Peer 1: 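Dropping the structure in here first, questions after.
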Amino acid sequence: MAPFKNCRWIMIKDSLKQVIEQAIKKAYPEIQASVQLEKPSNPQFGDFATNAALVLSKGVKKNPRDVAQAILQNLSDKEGIIESFSIAGPGFLNFKIKPAKWIEALGEVSSQGERFGKTDAHKGEKVVVELVSANPTGPLHIGNARGGPLGDAIASLLESVGYEVVREYYVNDVGGQIDKLGLSVLYCLGRAVDKNDIGYQGEYVKELSQSVLNDLGEQNIPPDLTEAAGMVGPVGVELMMQDIRKDCEAMAIRFDSWVHEKDFLEKGTTQKIIEELKKKKVTVEKEGALWFVPQDEFLEDRECVLVKSDGRPTYFANDIAYHADKYRRGFHRLVNIWGANHHGHVPRVQAAMKALGYDPEKLQTVLYQYVRVVRGKETVKMSKRAGDFVTAREVLDEVGKDPLRFFLLMRAPESHLDFDLELAKKHSAENPVYYVQYAHARISSIFAKAAEAGIKPPAVYDAKYVGCLNLSEEVALAQLMVDFPFVVELAAEKLDPHRIAYYLLDLARAFQHYYDRARGDDRYRVITEDKARTEAKLFFVGCFRQVMRNGLALLGISAPERM
RNA sequence: GCCCCUGUAGCUCAGUGGAUAGAGCGUCGCCCUCCGAAGGCGAAUGCGGGUGUUCGAUUCACCCCAGGGGCGCCA
């Protein structure tokens, strides 16, 4: 399974690899070696480097530099792809590829278009990505919101490598928290609720209580407090979910599936799972409760409650039922996007899946760290609406969808994130999302200018472009562009969307440098009197725009024509 | 007490065991008759500490220090 075997630049790499491997064979017929090619950290070293000589030196008992020399002496580059080579440092072999080869590789960008960067490596495999799943007892806060763009982008990355992806929201609509929400609402409606029973506060509870009142009608709310809470709680949940759904939509997070915790209880699924666990003899009754007691690498000897002493199953029990259900729905892979506060929950669920006979390796959880909202140097803690946390909606309204997504996606999930409202709002180069979008807008304006002049941009690659695209910046940009599929592959493998964000920043920067050279040097201008060259340059910047769009699309960020 | 995450430039963060560790912001100095200056060029500053594995460690393992989060009947 070589996902990019048809890419021209992969052919460059494979050819080079073969040339080197053959040289090694000639120099050391007794040695079996497979060559690893990598991108040197410093471009001065060339386009590809290999540590083959360092690896081989032990086996052939010669110093690495001599081994490198022997390899080079046996090199035979029949296809003529190598421009130059050298030995460096302790014995690295560096190779420079003929520049024209990189420009040729751009043909792949234009021919694949929107698909450039995608593969079908995992075609036929289904994956469910659980994301957000915020409790419906309050508005979505910025911490939960990190899981939105993150999960969405991870889902897109998985789609890029061929998975069929379901984006799923798990609604925690049962348990003590719902009663608490009900009581909190009733308190706002002036009912005699004990202050200790009020779990939720803030403006939103007041708003919510009014909505609940409008929905139900005062006369329909029973006088008995417990009964009333039982009625009001679920109505509150439904209203909160409407809110959360709207917030997600505004962040361009779409879900294919909504699963309700309540269903596992009401349909008896949880009960059945508990019975199964009992049969597997991984439970014990103790202190009036039922405990899960597996002996495995996940939990060792820790115990967790499945059924509370009051007879109600715990969240954990429902979650086992939910995850077992995911396996039963035939997913090849399960990815959960959870806040770091759930870290203790991860081994529990994995242990339970193992106990039930499901492969725990198929379940993978991305834990993201919390978000701190800052305004310049000052930490923002309070929210008008929610009281003690900043809501996603407030940030969204203040900075907009694209900056929100980019800022949440630009950091590695495990890194603690400072969200700077001031920076995110800036319409200037200080703001990375504007910087990237600006590069796209600039290219678009070149195309607009070409259209005005009646020039039609070429749709496909033509071999004659090579002669018009020989500036060193053009070769460097071409290399960066054809690297995109590998960035996507790596980001998908590691479930790390921030790699795409960083790639886009690199790409934008490289382009801005290139673009700015045209200010004082006509060789860098796209549209000139020279028709053949104009066509080649339009092809070139068209490729650039395509890669940029594909990257932005993965992150769910718009690619504006003008700003 | 135990578990998870983090510690890299003044600040916010990248960095698949390899060569001289990178960006952005901030600071200082330059550049608009020009396909968009929402831009570009140049300068300065660094892997929390210690052991170990390795030819080679910012990267892996262990310990220590610091910050954040979590820890059997909340979800």
Side-chain angles (χ1 to χ4, degrees), chain A residues 38-42 44-45 49 51 54-55 57-58 63-64 88-92 94 133-135 137 172-178 180 199 261 286-293 302-310 312-316 318-319 339-348 367-370 372 374 377 410-418 420 423 426-432 434-435 437-439 441-450 453 486 490 493-494 498-499 501-502 505-506 509 512-520 522 524-528 537 541 562-563:
Chain A
E38 55 189 38
K39 211 162 66 173
S41 52
N42 188 331
Q44 279 178 359
F45 295 130
N51 61 355
L54 282 88
V55 176
S57 67
K58 225 187 283 179
N63 89 57
F92 286 100
N94 295 326
S133 299
N135 279 335
T137 50
N172 300 121
D173 52 358
V174 292
Q177 55 171 357
I178 309 305
K180 264 193 179 166
E261 186 178 0
K286 199 174 74 177
E287 297 161 23
L290 184 72
W291 302 67
F292 176 55
V293 285
R302 280 183 290 160
E303 305 169 337
C304 329
V305 173
L306 289 166
V307 182
K308 297 185 267 185
S309 47
D310 66 3
R312 292 166 84 164
T314 57
Y315 160 80
F316 176 46
N318 291 330
D319 222 23
N341 55 331
H342 289 84
H343 95 263
H345 193 57
V346 175
R348 290 201 276 271
L367 293 175
Y368 58 89
Q369 296 294 323
Y370 272 170
R372 188 172 58 160
V374 298
K377 286 192 172 163
M410 127 180 124
R411 304 297 178 216
E414 67 272 15
S415 117
H416 300 246
L417 167 57
D418 273 1
D420 189 343
L423 180 62
K426 280 189 183 162
H427 288 212
S428 78
E430 294 165 50
N431 185 344
Y434 277 90
Y435 185 81
Q437 290 181 318
Y438 183 66
R442 267 185 156 177
I443 298 177
S444 298
S445 79
I446 296 175
F447 280 98
K449 184 131 185 159
F486 293 88
L490 187 64
E493 188 194 313
K494 298 198 171 278
H498 75 277
R499 288 167 190 276
Y502 272 83
L505 278 166
D506 279 348
R509 193 172 306 118
Q512 304 271 34
H513 291 202
Y514 173 70
Y515 180 93
D516 207 66
R517 293 296 296 271
R519 196 174 288 282
D522 271 356
Y524 289 83
R525 292 189 76 78
V526 173
I527 301 167
T528 57
K537 300 264 188 195
V541 294
R562 66 188 72 200
M563 298 169 67

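Bear in mind the structure is a predicted one, so any value in this text is a computation, not a measurement. Residue numbers start from 1 in every chain, and the chains themselves are labelled A, B, ... in the order their sequence lines are given, proteins ahead of strands.
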Peer 1: Between A21(B) and A9(B), how many Å separate the two C1' atoms, rounded to a whole number?
Peer 2: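 11 Å, rounded to whole Å.
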Peer 1: Only pairs with both distances under 3.5 Å count, Watson-Crick or wobble alike; so what is the partner of A14(B) in this structure?
Peer 2: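 Looking at the geometry, A14(B) pairs with no nucleotide.
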Peer 1: Once you apply a heavy-atom cut-off of 4.0 Å, does D319(A) come out as touching a base, just sugar-phosphate, or nothing?
Peer 2: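 Nothing, no heavy atom under 4.0 Å.
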Peer 1: Name the pairing partner of A37(B), where a pair is Watson-Crick or G-U wobble with both distances under 3.5 Å, or state none.
Peer 2: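 Here A37(B) is not engaged in any pair, so there is no nucleotide opposite it.
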Peer 1: With rounding to whole Å, what would you report as the distance between A66(B) and G48(B) at their C1' atoms?
Peer 2: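 Pairwise C1' distance, A66(B) against G48(B), rounds to 8 Å.
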Peer 1: Just compare G24(B), C5(B), G15(B) and give me whichever is closest to any side-chain atom of E414(A).
Peer 2: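 Output: C5(B).
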Peer 1: Nearest to the I527(A) side chain among C35(B), G40(B), U12(B), which nucleotide is it?
Peer 2: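 So the nucleotide nearest the side chain must be C35(B).
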Peer 1: Going by the rule side-chain contact (heavy atoms from CB on, under 4.5 Å), which residues pair with D522(A) if we only count those two or more places apart in sequence or in a different chain?
Peer 2: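 side-chain contact (heavy atoms from CB on, under 4.5 Å) list for D522(A), sorted by chain: R525(A).
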Peer 1: Watson-Crick or G-U wobble partner for C73(B), using a 3.5 Å limit on both distances?
Peer 2: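 When the pairing criteria are applied, nothing turns out to pair with C73(B), so the answer is none.
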Peer 1: If we take the C1' atom in both G18(B) and C62(B), what is their distance in whole Å?
Peer 2: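 My reading of the C1' atoms in G18(B) and C62(B) gives 23 Å.
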Peer 1: Once side-chain contact (heavy atoms from CB on, under 4.5 Å) is applied, do any residues pair with A441(A), and if so which ones, sequence neighbours excluded?
Peer 2: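 side-chain contact (heavy atoms from CB on, under 4.5 Å) list for A441(A), sorted by chain: M563(A).
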Peer 1: From A19(B), U16(B), C13(B), pick the nucleotide closest to the side chain of R499(A)?
Peer 2: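 For R499(A), the side-chain atoms sit closest to U16(B).
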Peer 1: Using whole Å, report how far CZ of F92(A) lies from C1' of U20(B).
Peer 2: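 So the CZ-C1' distance, F92(A) to U20(B), works out to 13 Å.
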Peer 1: Once you apply a heavy-atom cut-off of 4.0 Å, does A448(A) come out as touching a base, just sugar-phosphate, or nothing?
Peer 2: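 Nothing, no heavy atom under 4.0 Å.
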Peer 1: Given L417(A) and Y368(A), is the side chain to side chain contact (heavy atoms under 4.5 Å, CB included) satisfied, shown in steps?
Peer 2: CA-CA 9 Å; L417(A) 167 57; Y368(A) 58 89; over 6 Å; no
Peer 1: Listed by chain and number, what are the side-chain contact (heavy atoms from CB on, under 4.5 Å) partners of Y502(A), not counting sequence neighbours?
Peer 2: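 side-chain contact (heavy atoms from CB on, under 4.5 Å) list for Y502(A), sorted by chain: R411(A), H498(A).
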Peer 1: Look at the rings of F316(A) and F292(A) and say which category their plane angle falls in: under 30° parallel, 30 to 60° tilted, over 60° perpendicular.
Peer 2: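 Ring orientation of F316(A) relative to F292(A): tilted.
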Peer 1: Expressed in whole Å, how much space separates the C1' atoms belonging to C47(B) and G40(B)?
Peer 2: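 It works out to 30 Å between them.
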Peer 1: Base contacts versus sugar-phosphate-only contacts with protein, heavy atoms under 4.0 Å: please encode nucleotides 66-75 of chain B as B, S and - from 5' to 3'.
Peer 2: -BBBS-BBSB
Peer 1: Is there a donor in the side chain of Y370(A) and an acceptor in the side chain of N341(A), or the other way round, less than 3.5 Å apart?
Peer 2: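 The criterion, which ignores hydrogens and geometry beyond distance, is satisfied for N341(A) and Y370(A).
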Peer 1: Is the distance from OP1 or OP2 of A37(B) to the nearest side-chain N or O of R442(A) less than 4.0 Å?
Peer 2: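 For A37(B), OP1 or OP2 has a side-chain N or O of R442(A) closer than 4.0 Å.
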Peer 1: Give one of base, sugar-phosphate or nothing for S415(A), where a contact means two heavy atoms less than 4.0 Å apart.
Peer 2: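 Counting heavy atoms under 4.0 Å across all strands, the contact made by S415(A) is with sugar-phosphate only.
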Peer 1: Return the set of residues passing side-chain contact (heavy atoms from CB on, under 4.5 Å) with A501(A) (not counting sequence neighbours), or none when no residue passes.
Peer 2: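 Expected list: F406(A), M410(A), L555(A).
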Peer 1: When you check every protein heavy atom under 4.0 Å of nucleotides 26-34 of chain B, what one-letter string (B, S, -) results, 5' to 3'?
Peer 2: S-------B
Peer 1: It should be established whether Y515(A) places a side-chain nitrogen or oxygen under 4.0 Å from OP1 or OP2 of nucleotide A38(B).
Peer 2: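 Checking Y515(A) against A38(B): no side-chain N or O falls below 4.0 Å of OP1 or OP2.
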Peer 1: Given that both distances must come in under 3.5 Å, which nucleotide forms a Watson-Crick or G-U wobble pair with G7(B)?
Peer 2: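 Partner of G7(B): C65(B).
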Peer 1: Measuring from the side chain of V526(A) (C-beta onward, heavy atoms only), which nucleotide among C35(B), G40(B), G36(B) has the closest atom?
Peer 2: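 Comparing C35(B), G40(B), G36(B) against the side chain of V526(A), the answer is C35(B).
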Peer 1: In whole Å, what separates the C1' atom of U53(B) from that of G17(B)?
Peer 2: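 Result for the C1' pair: 11 Å, nearest Å.
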